[in-house]
Amino acid sequence: MERQGNAPPDDIPLVLAREGHHGPVIHAANRTARQNGIHAGSRVMDMRAICPELQVEYADPAGDTAALDRLVIWARRWCPWTVRDGEDGLILDTTGSDHLMGGEAEMLVEMETQLALLGLSAQLSIAPTWGAAWALARFGPVRSVCGTDEVAVKLGALPVTGLRLDGETVLLLRRLGLKTIGAVMDVPRLSLTRRFVKAGLSANPLLRLDQALGKLAEPVSSVDAAPRFQAQSRLAEPIFDPTPYLPELCENLCDALKQAGMGCRRLHLTVYRTDGDVSCVNVATSAATRDPGHLHGLFRDKVERINPGFGFDLITLEAGGVEEMRVTQSRLDGGSDADLHLTRLVDRLSARFGPNSVSRPTLRESHVPERAETGMAALAAMAKNPVPVAKERPLRLLDHPEEVRVLYAVPEGPPAQFIWRRQTHRVARYAGPERIAPEWWTDRPGTRLRDYFRVEDHKGCRIWLYREGLFEDRRGGDPRWFVHGMFG
């Protein structure tokens with residue numbers, strides 16, 4: 001593939017070169033150059049002797065890899081399963097997708113047209129297997145469509161290089177007189193098995209042949225799992241604002257989710273630009289939902305972040321975090337409680353101010369009260385622990401426990417009277433103690449245990465305080481008392 005907008009004619013041999021140990025070497029070659037006997041890894045000086053009209057450009061491997069990765073995502077306009085194939089190709093699993101464009105031949109024409117608009121020349125082929133498509137695209141006719149019963153015939157005339165073998169194996173096969181794939185097919189299998197029994201995949205012609213013929217599975221493992229639910233809008237001409245199409249996209253997506261009994265926690269809005277790039281906007285919810293109105297509202301302040309470039313002609317809306325969503329009946333008339341919209345409020349605030357601007361306390365695995373609760377983003381907190389575990393803890397905890405001065409203490413009980421914040425509190429009733437030992441894997445050596453009491457003073461104020469240490473624990477002086485929280 002050439003740089004955008006600068007593709008040379010197909011009949012000119014062109015190579016990309018990189019620095020080697022003994023001068024520039026071939027990094028990649030176009031179809032015409034390969035037909036002239038030029039292949040990757042050869043020295044440019046030697047190849048110029050074979051083909052004097054050879055044109056040489058320096059390669060940018062890192063840039064090519066990044067561009068190809070972007071092209072993998074862009075190619076999902078035709079099918080959901082796409083993956084990069086080496087350094088110069090794409091593999092698309094178009095099973096079940098060709099009928100949307102009128103057939104396989106029409107799909108190839110559409111692919112070639114869209115790639116040409118990006119300034120990219122491509123050799124395209126459709127075949128039942130990855131290996132057959134790879135060989136036909138590089139060594140077969142332009143825009144070939146190969147049926148299941150034609151694989152052996154069409155592969156037979158291609159050079160043995162089409163089996164995706166390393167250079168040493170190809171050289172060995174040629175020395176044996178096996179220059180085409182058909183010649184490899186005609187050799188008794190037992191003879192080749194003995195010679196290549198310990199060879200790896202790229203050095204074993206039998207394994208590669210079985211992959212190409214469909215006798216050995218080679219599934220397309222996409223970069224990202226294909227979304228289970230997706231809605232899309234194909235546009236007759238490029239536009240710059242997807243807002244008018246969002247309501248219908250949300251309706252179609254939520255209808256599909258509802259029919260499957262599912263809800264989603266994330267939505268991915270993607271626009272495919274005419275310059276080959278994509279622009280995405282993501283929103284998240286704190287609970288699974290399939291309400292189109294609510295989901296549409298989350299994009300209200302985010303659509304403007306889309307970079308339309310010179311316009312886009314395809315919009316997709318994908319559901320992420322899909323999970324089963326059961327309809328619950330909370331009223332006798334069959335309806336649901338519409339008064340509690342905490343999750344929707346969290347979604348709207350997070351979408352407007354950012355996911356880290358709205359936090360919620362969540363529980364942690366710790367016996368120490370100040371460690372048993374932490375604040376995290378509300379979206380993640382509600383998804384991870386939507387229903388807090390009930391514990392006998394005060395509603396309000398002090399950031400730092402405040403020490404109190406005890407005037408009189410009951411043995412093995414709370415202080416009968418103590419001074420806190422310049423006020424004297426006389427304990428009327430209490431409950432406890434609840435002993436919390438130090439966490440040896442976290443606390444420093446010498447940390448003292450705590451005995452917590454729930455007390456109510458003579459004015460009805462309910463306080464949560466604790467005694468730090470015991471008289472005989474040998475970890476310090478006399479025990480100390482602290483107020484840690486208030487009830488009510």
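Note that the numbering runs from 1 along the sequence shown for the chain.
- In terms of heavy atoms, N252 sits closest to A231 at CB-CB, 4.1 Å.
- More than 12 heavy atoms of other residues, nucleotides or ligands lie within 6.0 Å of CZ in R48, so this atom counts as buried by the packing criterion.
- Summarising the local packing, CD of E19 is surrounded by more than 12 heavy atoms from other residues, nucleotides or ligands at distances under 6.0 Å.
- Taking every heavy atom of both residues into account, L136 and A127 meet most closely at CD1-CB, 4.3 Å.
- More than 12 heavy atoms of other shown residues, nucleotides or ligands fall within 6.0 angstrom of atom CD in E53.
- Of the listed residues (V187, D186, V160), just one forms a side-chain contact (heavy atoms from CB on, under 4.5 Å) with L178, and that residue is V187.
- For the atom pair CG (D98) and CD1 (I126), the distance works out to 7.0 Å, reported to the nearest 0.5 Å.
- Closest approach of I306 to P242, counting heavy atoms only: CD1-CG, 3.9 Å.
- Smallest separation of non-hydrogen atoms from K302 and N282: NZ-O, 3.1 Å.
- For the pair M47 and G37, the tightest heavy-atom approach, listed with the atom from each and the gap, is SD-O, 4.2 Å.
- Here K258 does not pair with E251 in a salt bridge; the nearest charged N to carboxylate O distance is not below 4.0 Å.
- Ion pairing of R290 with D255 is absent here, as no side-chain N (NZ or NE/NH1/NH2) approaches a carboxylate O to less than 4.0 Å.
- Between D210 and R189 a salt bridge is recorded (basic side-chain N to carboxylate O distance below 4.0 Å).
- In summary, the side chains of N30 and T32 do not present any donor paired with an acceptor at a separation below 3.5 Å, with no hydrogens or angles considered.
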Could you walk me through whether R84 and D69 pass the salt bridge (Lys or Arg N to Asp or Glu O under 4.0 Å) test, one step at a time?
CA-CA 7 Å; R84 178 162 59 90; D69 288 337; 2.9 Å; yes

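- Between the side chains of T82 and R77, no donor-acceptor pair is found at a separation under 3.5 Å.
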